[in-house]
> 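So that we are looking at the same thing, I have put the structure below in structure tokens.
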Amino acid sequence: MASGQTVLQFSQSSTNLTAKVHPLVIFNICDCFVRRPDQSERVIGTLLGSVLPDGNVDIRNSYAVPHNESSDQVALDIDYHHNMLLSHQKVNPKEVIVGWFSTGFGVTGGSALIHDFYSREVTNPIHLIVDTGFTNGAAAIKAFVSVGLSLGDQQLAAQFQEIPLDLRMVEAERVGFDILKTPMVDKLPSDLEGMEASMERLLALIDDVYKYVDDVVEGHVAPDNSIGRFIADTVASIPKLPPQAFDKLVNDSLQDQLLLLYLSSITRTQLTLAEKLNTAAQIL
């Protein structure tokens with residue numbers, strides 16, 4: 001009797017799927033949003049990368065695709081999309097379409113139509129959303145895949161299911177990303193301010209290492225051989241310098257930075273004066 005029932009179910013999805021995105025993609029999306037046409041509320045585009053051997057998706061590049069969007073329909077410039085894809089693959093043939101991105105917060109009504117188009121371009125595309133409106137006080141970044149809802153053999157609808165997102169960046173890139181994700185920035189930090197922020201983060205990481213080692217020694221945390229080897233290799237890679245030599249190295253570098261700032265300020269002043277003199281000569 002149970003065999004004759006029709007079951008409402010979601011199609012099987014890769015619950016262990018993880019999207020790994022590089023900071024270049026986020027910076028490029030934000031740049032496209034700043035340069036968008038005045039009448040556009042959001043920017044959409046194509047994600048490029050590769051599928052790793054473990055099945056996870058590595059997102060390494062992106063480009064915006066012009067579109068027109070209304071409450072019930074979305075029109076993409078498909079020719080522009082294909083031309084940009086060919087241009088990118090001439091530079092890096094290993095990069096293929098892995099999904100698409102949009103700015104905003106959450107999934108909108110037109111997202112299903114756009115996702116359906118990219119589903120014809122690639123199997124199981126990733127939908128990356130970058131919140132450029134700072135809805136919750138920060139630029140949230142989320143990744144989704146589409147999961148089909150079926151009634152028996154009949155496909156009814158699709159649901160976007162969030163997947164883990166791994167943002168890969170080195171420390172220098174993280175400093176820029178921390179500035180980018182804050183809603184209000186009066187000015188970009190100078191070299192000295194960036195160095196100060198990096199040193200503060202380094203001290204915080206050293207404190208975390210100290211706490212972990214103390215917890216292991218006192219028996220509060222189980223020891224991990226891989227972490228121990230990593231800490232040992234890190235300590236061994238630090239050059240052994242006497243305090244006087246280290247202070248001289250830092251001071252010399254600081255003086256070089258100040259000299260570069262001074263020279264750049266003089267150059268900027270000279271260019272401004274030359275431009276004003278040239279304008280006055282043309283008027284006379």
Side-chain angles (χ1 to χ4, degrees), residues 15-30 49-50 52-61 126 128 130-131 134 136-143 162-258 260-261:
T15 56
N16 296 325
L17 181 66
T18 300
K20 300 178 181 179
V21 59
H22 293 250
L24 172 64
V25 178
I26 307 302
F27 296 151
N28 187 29
I29 294 174
C30 293
S50 61
L52 302 177
D54 58 1
N56 294 324
V57 179
D58 186 25
I59 306 172
R60 295 193 297 268
N61 209 339
I126 300 292
L128 183 71
V130 179
D131 180 19
F134 302 96
N136 295 324
I141 304 172
K142 297 182 179 180
E162 186 175 357
I163 61 174
L165 184 65
D166 184 8
L167 187 58
R168 296 295 181 90
M169 61 179 67
V170 297
E171 187 62 27
E173 295 170 334
R174 184 172 296 278
V175 172
F177 179 75
D178 290 341
I179 297 172
L180 183 66
K181 70 180 182 181
T182 54
M184 296 297 292
V185 177
D186 295 332
K187 64 181 182 66
L188 292 176
S190 63
D191 293 338
L192 295 179
E193 292 171 342
M195 182 183 299
E196 181 182 3
S198 299
M199 294 303 297
E200 290 177 354
R201 186 180 295 275
L202 177 61
L203 290 175
L205 293 175
I206 293 176
D207 290 339
D208 291 341
V209 173
Y210 268 121
K211 184 177 183 303
Y212 173 77
V213 173
D214 290 339
D215 290 342
V216 171
V217 173
E218 295 174 2
H220 298 159
V221 177
D224 190 330
N225 294 333
S226 60
I227 297 178
R229 285 191 294 268
F230 181 78
I231 295 176
D233 293 339
T234 302
V235 173
S237 64
I238 300 176
K240 295 182 180 179
L241 293 175
Q244 296 81 2
F246 181 77
D247 291 341
K248 183 177 183 304
L249 180 63
V250 173
N251 290 330
D252 290 345
S253 177
L254 179 60
Q255 292 175 4
D256 292 340
Q257 293 285 349
L258 294 176
L260 288 176
L261 292 175

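Numbering of residues begins at 1 and proceeds along the displayed sequence.
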> If you measure from CD1 on Ile206 to OG1 on Thr234, what distance do you get to the nearest 0.5 Å?
10.5 Å
> Do Leu260 and Asp256 have side-chain heavy atoms sitting under 4.5 Å apart?
no
> For the pair Ile29 and Val25, evaluate side chain to side chain contact (heavy atoms under 4.5 Å, CB included) and give the outcome as yes or no after the intermediate values.
CA-CA 6 Å; Ile29 294 174; Val25 178; 3.9 Å; yes
> Looking at His22 and Asp58, what are the two nearest heavy atoms and their distance?
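So the minimum-distance heavy-atom pair works out to NE2-OD1, 3.0 Å.
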> Can you give me the closest heavy-atom contact between Tyr212 and Asp224, atom names plus distance?
OH-N, 3.5 Å
> Of Asp214, Val221, Val213, which meets side-chain contact (heavy atoms from CB on, under 4.5 Å) against Val217?
Val213
> As an exercise, state the distance from CG of Leu202 to CD of Glu200, rounded to the nearest 0.5 Å.
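So the CG of Leu202 and the CD of Glu200 are separated by 11.0 Å.
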> May I ask you to say whether Asp215 pairs ionically with Lys211, meaning some side-chain N is under 4.0 Å from a carboxylate O?
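Counted as a salt bridge, because a side-chain N and a carboxylate O are separated by less than 4.0 Å.
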> Which heavy atom in Ile163 sits nearest to a heavy atom in Ile126, and how many Å separate them?
CD1-CD1, 3.6 Å
> About how many Å separate CG of Asp208 and CG of Leu203, when rounded to the nearest 0.5 Å?
11.0 Å
> My understanding is that only one of Leu165, Asn56, Leu52 makes a side-chain contact (heavy atoms from CB on, under 4.5 Å) with Thr18; could you say which?
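When side-chain contact (heavy atoms from CB on, under 4.5 Å) is applied between Thr18 and each of Leu165, Asn56, Leu52, only Asn56 qualifies.
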